[in-house]
Amino acid sequence: MSQDEAAAGATTPGNEAGQDSEQKKPEEAAESQEQQRQEAWAARQALIAHGPSFVQPLARSATQIARDQFGVSGGIVQGNVNIFGGRPKHPDHLSGEVPRARIEKLSDVFCRCPSFDEALARLRADKVVILSGGRDTGRGSAALMLLSRLGVDRMRSLAPPDSVSALPEQLDGAAGYLLLNLAVSRSHPLREPHLLGLRERLEHTGGHLVITVEPSAALDDIPYVRWEPPPAEDMLRSHIARRTGEAAWAGLSGLAPVKEFLARPQQPGDIAEFAEQLITFHHGEIDEEKLTAYGEAAVESQVARMLADAQRTLRDKAFLVSLAVFDKAPYAVAAELGDGLFVRLQKTADPRQSPTIPVFDSSRETRLQFAGAKGYVDTEITEWGTLVGQYFASFREERTASVLLHEVWNRHPSARPALAEWIRELAEDGRPLVRTRAASAAAQLAGADLSSTMAHLIEPWADDDYFGSWLTAANALTMAQLLSVPHVFQILHDWCTGENESRRWTAIRTYGLLGPVHHEQALKALLEAIRRPPQDDHHDEDGEEDEYAEEEALQFAEALELLLLAVREPVLRELAERLDTDRAVRTHALLAFLQACKQAKDDGSDRPLVLDWYAQAAAADDTMAAQHLASLWEALLADRTHNAPALGILRGWVLTADCDPQSESALASLLPALVTNSTNHRRVSHLLRTVRDSEGAPSPAADRLLTRISPS
């Protein structure tokens with residue numbers, strides 16, 4: 001995300017972490033909203049800055065239209081492909097002799113790589129080798145092939161012992177041993193005396209031993225080999241070429257489905273399964289469309305296996321879900337908040353067991369490997385500016401985050417209460433990023449099950465008595481529409497024209513946010529709602545509009561402001577042409593334009609957005625846009641409610657012109673168009689004669705501008 005899209009402020013104002021959970025009285029709530037309200041334009045900028053990539057269409061305003069890698073993919077497997085990632089089809093982890101047929105089948109497709117050759121040399125010299133690698137990387141298959149390449153005929157798979165000291169007793173004379181997935185931690189370390197004892201026993205029996213461990217295993221100074229599997233293309237070629245020939249592989253490798261499959265990160269099991277499909281295609285049993293569909297389904301199968309894997313802890317799975325919400329965000333945020341989700345999931349799984357969170361546990365690289373993610377350094381956007389050099393995390397496959405949230409919500413419904421409670425807590429966090437991602441998670445879950453997501457998340461937010469919750473609901477519905485979730489516009493229309501105050505505010509804000517991508521529909525709905533007859537209960541005993549009516553007027557104005565600044569000319573034309581013919585629209589249009597004039601560019605120049613817009617229109621000879629902007633300004637100056645704040649904004653523009661020649665040039669063109677009658681001429685002339693900076697000094701730009709409207 002560019003710095004131009006950086007947030008001007010938090011998504012919601014105030015410290016939400018300390019928000020009182022008690023229901024406020026209506027009059028107290030209204031007063032609280034006024035104190036906590038954040039400018040609509042700043043809230044929109046925060047949504048764009050902190051939301052996932054699919055919110056970027058909202059950034060298409062008129063001004064924008066005209067490493068380190070830590071995960072590994074690949075490995076070599078055949079037959080029972082998921083030795084360590086998912087439930088194995090056969091009990092490989094039990095002690096017993098490895099079937100010869102399995103060894104031969106794997107040998108037919110195995111592909112060597114530098115880390116394999118290094119491990120083989122160490123095994124040959126030292127009798128024992130430790131292979132460190134992530135789950136689902138083919139490390140178990142590599143261990144089996146290490147013994148096979150030594151010419152070992154008999155191999156036994158050992159059960160992990162309770163104590164490493166007891167391991168030599170299991171080395172009873174077989175030629176080769178596999179000890180897969182040995183748990184090594186600070187409380188159960190593997191030390192040099194253990195390794196020397198194993199080597200001595202193997203020297204005596206003439207055997208060899210391969211041990212596989214997690215990358216986070218506590219090995220201290222024990223030598224080991226880091227398993228780095230060959231590229232996915234080499235693995236796929238090994239599967240295909242040995243069964244169809246090199247010539248057939250050359251033709252198959254150029255197919256679009258094959259290129260698309262290899263362009264995504266793949267686990268070894270998926271490569272083996274895709275190879276079977278590709279061979280079936282080669283034999284004419286399926287067409288290219290089915291081959292493509294199978295490749296795209298690999299993400300779903302990977303996610304399903306990770307969530308159902310009994311070998312992975314509940315805390316690991318909670319981190320996986322948290323990373324789905326905070327994909328392409330700082331790693332520390334996903335890890336920190338993932339522990340909160342783990343606590344809730346543990347309460348669901350076993351309320352009698354208190355959750356234990358290791359403070360100093362697995363390295364971040366290990367956790368990212370498990371999640372099929374990568375770490376990288378990037379710039380973080382905050383409400384105070386940008387932070388350079390932050391460590392981010394993202395899934396290697398772009399679709400993993402959304403697929404994972406859908407999988408959890410629809411196929412593991414027991415997790416729904418804990419997940420919904422967690423997301424609601426995220427929405428009350430003090431960080432704009434966290435609040436925005438809570439809304440984006442709700443939007444993605446709405447795509448999986450709209451009715452349940454509305455009931456669990458979006459409706460409770462919209463029905464709350466807190467402005468921040470309404471904004472979260474609006475952000476969620478905005479992103480749901482960007483994801484093409486059905487029926488969102490029907491919900492917005494019903495809420496915008498309904499009687500529920502907070503839902504109407506939510507819908508109005510959503511229409512404003514959706515302006516850049518649906519401006520015609522959004523503007524039509526807003527104008528229809530504006531013309532809705534006022535409710536009787538929106539007047540006090542004296543017949544004056546109460547604070548709810550004032551709040552609603554501000555809501556409409558903020559939505560129109562968002563449309564005006566993001567879409568520009570089409571909305572400007574619609575509002576300007578209704579100034580003299582539609583009294584209801586005029587009221588909201590003037591307030592929207594007044595608020596829009598307060599906004600400045602975030603490129604460091606602080607140039608007013610509307611003034612810059614006028615300058616662009618004048619430079620492009622866009623007389624219609626320039627006339628509409630000038631007519632709205634004239635209407636502001638002529639309005640008894642708005643002329644004082646409008647002159648205050650104009651005063652600020654003049655002071656900006658003291659440091660910005662472009663702003664002065666734009667004012668030199670705009671001001672003569674505003675003083676066509678004597679009243680406005682008198683107001684603007686007085687302003688230019690009396691404007692002073694913060695130290696009381698007169699404005700040089702004001703003197704020059706005065707000559708443009710009052711030539712001597």
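Positions are given from 1 along the sequence.
- In terms of the salt bridge (charged side-chain N to carboxylate O under 4.0 Å, His left out) criterion, Arg692 has no residue partners (sequence neighbours excluded).
- None of Thr690, Leu705, Asp658, Asp693 except one satisfies the side chain to side chain contact (heavy atoms under 4.5 Å, CB included) rule with Ser699; the exception is Asp658.
- Ion pairing of Lys328 with Glu398 is present here, as a side-chain N (NZ or NE/NH1/NH2) and a carboxylate O approach within less than 4.0 Å.
- Here CG of Leu655 is found 10.5 Å from CG of Leu650. Values are rounded to the nearest 0.5 Å.
- Residue pairs meeting the ring-ring contact (aromatic ring centres under 6.0 Å, His included) criterion with at least one partner in residues 649-670, sequence neighbours excluded, are Trp633-Trp653.
- Between Phe326 and Trp422, the ring-plane angle classifies as perpendicular under the 30° and 60° cut-offs.
- Partners of Ser663 under the side chain to side chain donor-acceptor pair (under 3.5 Å) rule, at least two apart in sequence or in another chain, are Asp660.
- Ser502 and Asp464 get closest at one heavy-atom pair: CB-O, 3.9 Å.
- Around atom CD of Glu520, no more than 12 heavy atoms belonging to other residues, nucleotides or ligands sit under 6.0 Å away.
- For the side-chain hydrogen bond (donor to acceptor under 3.5 Å, both in side chains) condition, the pairs that include at least one residue of residues 588-600, sequence neighbours left out, are Glu39-Gln599, Glu561-Gln595, Glu561-Gln599.
- Counting heavy atoms from C-beta on, the side chains of Leu560 and Ile530 come closer than 4.5 Å.
- What you find for Ala557 and Ala592 is that their closest heavy atoms are O-CB, 3.3 Å.
- Taking the side chain as every heavy atom from C-beta outward, Leu445 and Ile423 approach each other to under 4.5 Å.
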Would you give me the side-chain donor-acceptor pairs under 3.5 Å for residues 621-629, sequence neighbours excluded?
residue: Asp622; atom: OD1; partner: Ala625; partner atom: N; Å: 3.3

For this session: Begin from the C-alpha positions of Leu483 and Gln444 and carry the test side-chain contact (heavy atoms from CB on, under 4.5 Å) through to its verdict.
Result: CA-CA 8 Å; Leu483 291 172; Gln444 294 178 76; 3.8 Å; yes
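- With Asn643 contributing its side chain and Asp639 its backbone, the two residues share a donor-acceptor pair below 3.5 Å.
- Not counting sequence neighbours, the partners of Ala393 by the side-chain contact (heavy atoms from CB on, under 4.5 Å) test are Leu323, Tyr331, Leu368.
- Atom CZ in Phe556 sits 7.0 Å away from atom CZ in Arg504 (nearest 0.5 Å).
- Of all non-hydrogen atoms in Leu337 and Arg431, the two that sit nearest each other are CD2-NH2, 3.9 Å.
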For this session: List the steps and the verdict of side-chain contact (heavy atoms from CB on, under 4.5 Å) for Ile649 and Leu636.
Result: CA-CA 11 Å; Ile649 291 173; Leu636 281 179; over 6 Å; no
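- With sequence neighbours excluded, the residues forming a ring-ring contact (aromatic ring centres under 6.0 Å, His included) with His518 are Phe489, listed by chain and number.
- Here Leu482 contributes atom CG and Leu477 contributes atom CG; the two are 11.0 Å apart, rounded to the nearest 0.5 Å.
- Contact annotation: the side chain of Asp580 approaches that of Arg586 to within less than 4.5 Å [non-hydrogen atoms, C-beta and beyond].
- Taking Arg704 as the reference, Glu664 meet the side chain to side chain donor-acceptor pair (under 3.5 Å) condition, with sequence neighbours excluded.
- For His493, the side chain to side chain donor-acceptor pair (under 3.5 Å) partners at least two apart in sequence or on another chain are Glu528.
- The closest side-chain heavy-atom distance from Leu527 to Glu574 is below 4.5 Å.
- The side chain to side chain donor-acceptor pair (under 3.5 Å) check on Thr478 picks up nothing, with sequence neighbours excluded.
- Without hydrogens or angle criteria, Arg424 side chain to Trp461 main chain gives no donor-acceptor distance under 3.5 Å.
- Between Leu667 and the options Leu688, Leu611, Leu674, a side chain to side chain contact (heavy atoms under 4.5 Å, CB included) holds for only Leu611.
- In this structure a side-chain-to-backbone donor-acceptor pair under 3.5 Å is present from Thr472 to Gly468.
- Once rounded to the nearest 0.5 Å, the distance linking CD of Gln555 with CZ of Arg509 reads 9.0 Å.
- Nearest heavy-atom pair, Leu637 versus Ala646, reported as atom, atom and distance to 0.1 Å: CD2-CB, 4.2 Å.
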For this session: Starting from the C-alpha separation in whole Å, work towards a yes-or-no answer on side-chain contact (heavy atoms from CB on, under 4.5 Å) for Leu514 and Leu492.
Result: CA-CA 11 Å; Leu514 287 171; Leu492 294 177; 4.0 Å; yes
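- In this structure, Leu671 and Arg708 have side chains that are not in contact, with every pair of non-hydrogen atoms separated by 4.5 Å or more.
- Shown here are the side-chain contact (heavy atoms from CB on, under 4.5 Å) partners of Ala462, two or more places apart in sequence or in another chain: Ala473, Trp495, Arg503, Thr506.
- Judged purely by atom type and a 3.5 angstrom limit, Ser669 has no side-chain atom pairing as donor or acceptor with the backbone of Ser665.
- If you check the side chains of Glu634 and Thr676, you find a donor sitting under 3.5 Å from an acceptor.
- Put simply, the side chain of Phe593 does not reach to within 4.5 Å of the side chain of Leu579, judged on heavy atoms.
- With Ser402 contributing its side chain and Arg399 its backbone, the two residues share a donor-acceptor pair below 3.5 Å.
- What you find for Tyr511 and Ala525 is that their closest heavy atoms are CZ-CB, 3.3 Å.
- By the 4.5 Å heavy-atom criterion applied to side chains, Trp505 and Asn500 are not counted as neighbours.
- Residues meeting the side-chain contact (heavy atoms from CB on, under 4.5 Å) test with Asp703, sequence neighbours left out: none.
- Asn475 and Ala439 get closest at one heavy-atom pair: CB-CB, 3.7 Å.
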For this session: In sequence, state the C-alpha distance, the side-chain angles, and the governing distance for His686 and Leu647, and then conclude on side-chain contact (heavy atoms from CB on, under 4.5 Å).
Result: CA-CA 10 Å; His686 177 74; Leu647 287 170; over 6 Å; no
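- How far OG1 of Thr453 is from CD of Glu459: 10.5 Å, rounded to the nearest 0.5 Å.
- Between atom CG of residue Leu562 and atom NE2 of residue His519 there is a gap of 15.0 Å, rounded to the nearest 0.5 Å.
- Under a 3.5 Å cut-off, the side chain of Asp606 and the backbone N or O of Thr656 do not form any donor-acceptor pair.
- Between Leu572 and Val567, the closest side-chain pair of non-hydrogen atoms is not below 4.5 Å.
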